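Since the structure is predicted, the reported quantities are computational estimates derived from the model, not experimental observations.
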Amino acid sequence: MIEENPYILCEEGLGISFETADMIALAHHEPKDSRVRVRAALAHVLSHNRLNGHTCLPAEKLLPTTAQMLEVDPAACEAALREMINDNSLVEDTLEGKEFIFLPSLYDSEQYVAARIKMLMRFPAMVIGGVEEKIRHIEEHDQIEYAELQKKAIGEALTKGLLILTGGPGTGKTTTLNAIIRLLRESGQKVMLCAPTGRAAQRMTAVTGVEAKTIHRLLEVSYDIDDKPAFKKNERNLLNCDALIIDEVSMVDSQLLESVMRALPLSCRLILVGDSNQLPSVGAGNVLHDLITSGEIPVVTLTEIFRQSMKSLIVMNAHRIINGEMPDLSKRDNDFFFMHSPSFEDIAYTIGDLCNRRLKNTYGYNMLENIQVLSPTKKTMLGTYELNNRLQALVNPNPSRGVKVGYYTLYEGDKVMQSKNNYNILWTKEDDEVGEGVFNGDIGVMVEVNTAAKLYKVRFDDKVATYDADSISELELAYACTVHKSQGNEFDCVIMPMFRGAPQLMYRNLLYTAVTRAKKMLIIVGNEQALKYMVDNNRRQLRYSGLKTFLTRES
């Protein structure tokens, strides 16, 4: 089979790259413009761009990119593409007058999500009446006063089957959400809460007082032989709830939302909560943006910053940044600080000194519990790789036992982060409660390295998880992490290096996301011109996707 078509090696499941399969094929004298080579390359380009968030590509970009990569005539790519469309290996559709090409799985996901949302709109959940009276009762009982947009959001949530609630920091999303949950439950509705990451779910539980699960746990994930998620909750085994609330929806990709929609009862109320100015999901799709801009779904955007939040420069500067204005760098007695440093080496030194000495002496903060360094990039002297090694040497200078994992050596006493969801890792608590599951983005401390037994223990908050030789590869140093990796998390103190880096990582939404990760203090160290460049650069990451078109298209 491989001699007939060496490119079956790079099909899904085998895990061999196109480049490796191509090397083998060319070594066996496969012609450069052979049909199987061009077909495999077209699929490879689409799969590679899926990793950049695209669910599809314009044919006018796909064809020349593939032809240039293979060094073949574009006509050969055109012929192979037509063949793949005809045999359903790829899908063609017209979006806003242009021809786009999809991998079938991503096309099906976006089509399904659009169809189910249209069905939710056509057959909405039951209307809960007397909203104004109910809101007035909460205001009197709790001695609070909701803003008009908050009242509108509460009303829409109780009278519509579907709502998107969005808004920046300090605009009262949590207060609004708590009122919605309370009134739904008082009306006899069974409400379930979830979020894309473990940290986001924990925070949702803390601010609402209602248990929130990760989406994967809610859908009862299991993994197949290729380590791909399969969900026990689906069309044949629906979620048992009258209302589902999903937080941090900006982090949800097309295929994850498809899995949620498949498990959603027909008349279930769906409330999507997020900040549309945050970075989009790591996975393919532009879900929150497409849902909002489609104009098909009720959206309430909270804009009023509440008085108590106005005292915070973090909140006020976050709103200035998203409006394209420079943050106020003049104040030195609040929670947002800018420290000018002229060079990469100076920035790195200052960050190390802040983490290891100054913040500890002045505020009692320490690197393992309160401080998080966020960088736009993994590479360069101010990327996470170099910063982690520098901070590890400062914060954990005399380590005993360690284990080599990828780029890092993880020692006892190091701050570490879980890099993917793993529902099989066992943990225990001090009261002997046991459980399993550690989630992408969870941050803890390596407390034991047993190289003889190849067992490793990490303390995450109130539980200790045990890793073996395989699962230890999912850990990385976490003194510094990328802004993308920090989504769904909040930290008491955030430090961000500010320097002129790769233009594709120096843009407004990334800066805004970093700033809004800080709860009590934000310190930017570096160059004011680089900060201005990021504020001015509003080139949101362009993502090709079909969801908006499918939502607006007549059925």
Residues [X] and [Y] bridged, charged N to O under 4.0 Å:
{"X": "Asp22", "Y": "Arg37", "result": "yes"}
{"X": "Lys118", "Y": "Glu296", "result": "no"}
{"X": "Glu133", "Y": "Arg136", "result": "yes"}
{"X": "Arg82", "Y": "Glu92", "result": "yes"}
{"X": "Asp242", "Y": "Arg185", "result": "no"}
{"X": "Arg182", "Y": "Glu186", "result": "yes"}
{"X": "Asp93", "Y": "Arg553", "result": "yes"}

Say whether [X] and [Y], considering side chains only, have a donor N or O and an acceptor N or O under 3.5 Å apart.
{"X": "Tyr512", "Y": "Asp275", "value": "yes"}
{"X": "Gln255", "Y": "Arg50", "value": "yes"}
{"X": "Asn424", "Y": "Glu436", "value": "no"}
{"X": "Thr205", "Y": "Glu211", "value": "no"}
{"X": "Thr176", "Y": "Gln150", "value": "yes"}
{"X": "Gln278", "Y": "Thr513", "value": "yes"}
{"X": "Asn450", "Y": "Lys457", "value": "no"}
{"X": "Asn286", "Y": "Ser545", "value": "no"}
{"X": "Ser471", "Y": "Asp468", "value": "yes"}
{"X": "Tyr467", "Y": "Glu448", "value": "no"}

Which value, rounded to the nearest 0.5 Å, describes the distance between [X] atom [atom1] and [Y] atom [atom2]?
{"X": "Tyr408", "Y": "Leu475", "atom1": "OH", "atom2": "CG", "result": "12.0 Å"}
{"X": "Arg199", "Y": "Thr214", "atom1": "CZ", "atom2": "OG1", "result": "14.0 Å"}
{"X": "His484", "Y": "Leu374", "atom1": "NE2", "atom2": "CG", "result": "12.0 Å"}
{"X": "Leu177", "Y": "Leu193", "atom1": "CG", "atom2": "CG", "result": "6.5 Å"}
{"X": "Thr301", "Y": "Lys173", "atom1": "OG1", "atom2": "NZ", "result": "10.0 Å"}

Work out which heavy atom in [X] is nearest to a heavy atom in [Y]; give both atom names and the distance.
{"X": "Gln418", "Y": "Asn422", "result": "NE2-CB, 3.8 Å"}
{"X": "Asp87", "Y": "Ser89", "result": "OD1-OG, 2.6 Å"}
{"X": "Leu70", "Y": "Val38", "result": "CD1-CA, 3.8 Å"}
{"X": "Val483", "Y": "Ala514", "result": "CG1-N, 3.8 Å"}
{"X": "Val405", "Y": "Leu410", "result": "CG2-CD1, 3.9 Å"}

Between [X] (side chain only) and [Y] (backbone N and O only), is there a donor and an acceptor less than 3.5 Å apart?
{"X": "Arg39", "Y": "Ala80", "answer": "no"}
{"X": "Glu110", "Y": "Gly546", "answer": "yes"}
{"X": "Thr166", "Y": "Ser276", "answer": "yes"}
{"X": "Asn178", "Y": "Val207", "answer": "yes"}
{"X": "Asp253", "Y": "Leu256", "answer": "yes"}
{"X": "Glu156", "Y": "Val300", "answer": "no"}

- Message: Before we go on, tell me: are the rings of Phe102 and Tyr107 under 6.0 Å apart, centre to centre?
- Response: yes
- Kindly say whether the aromatic ring centers of His216 and Phe231 come within a distance under 6.0 Å.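 Under 6.0 Å, so yes.
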Is the count of non-hydrogen atoms from other residues, nucleotides or ligands lying under 6.0 Å from [X] atom [atom1] greater than 12?
{"X": "Glu235", "atom1": "CD", "result": "yes"}
{"X": "Ile2", "atom1": "CD1", "result": "no"}
{"X": "Glu96", "atom1": "CD", "result": "no"}
{"X": "Glu132", "atom1": "CD", "result": "no"}
{"X": "Lys463", "atom1": "NZ", "result": "yes"}
{"X": "Lys98", "atom1": "NZ", "result": "no"}
{"X": "Lys61", "atom1": "NZ", "result": "no"}

- Task: Give a yes/no verdict on a cation-pi contact between Arg262 and Tyr112, requiring under 6.0 Å between NZ or CZ and the six-membered ring centre and an angle within 45° of the axis.
- Result: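 The answer is yes; both the distance and angle limits are met.
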- Task: Taking the side chain as every heavy atom from C-beta outward, state whether Lys134 and Ile128 have any pair of such atoms under 4.5 Å apart.
- Result: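 A side-chain contact under 4.5 Å exists here.
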- Task: Given side chain to side chain contact (heavy atoms under 4.5 Å, CB included), test Leu184 with Arg269 step by step and report yes or no.
- Result: CA-CA 10 Å; Leu184 285 173; Arg269 198 180 309 273; 3.5 Å; yes
- Note on the structure: side-chain contact (heavy atoms from CB on, under 4.5 Å) with Ile101: of Val91, Leu42, Ile85, only one passes, and it is Ile85
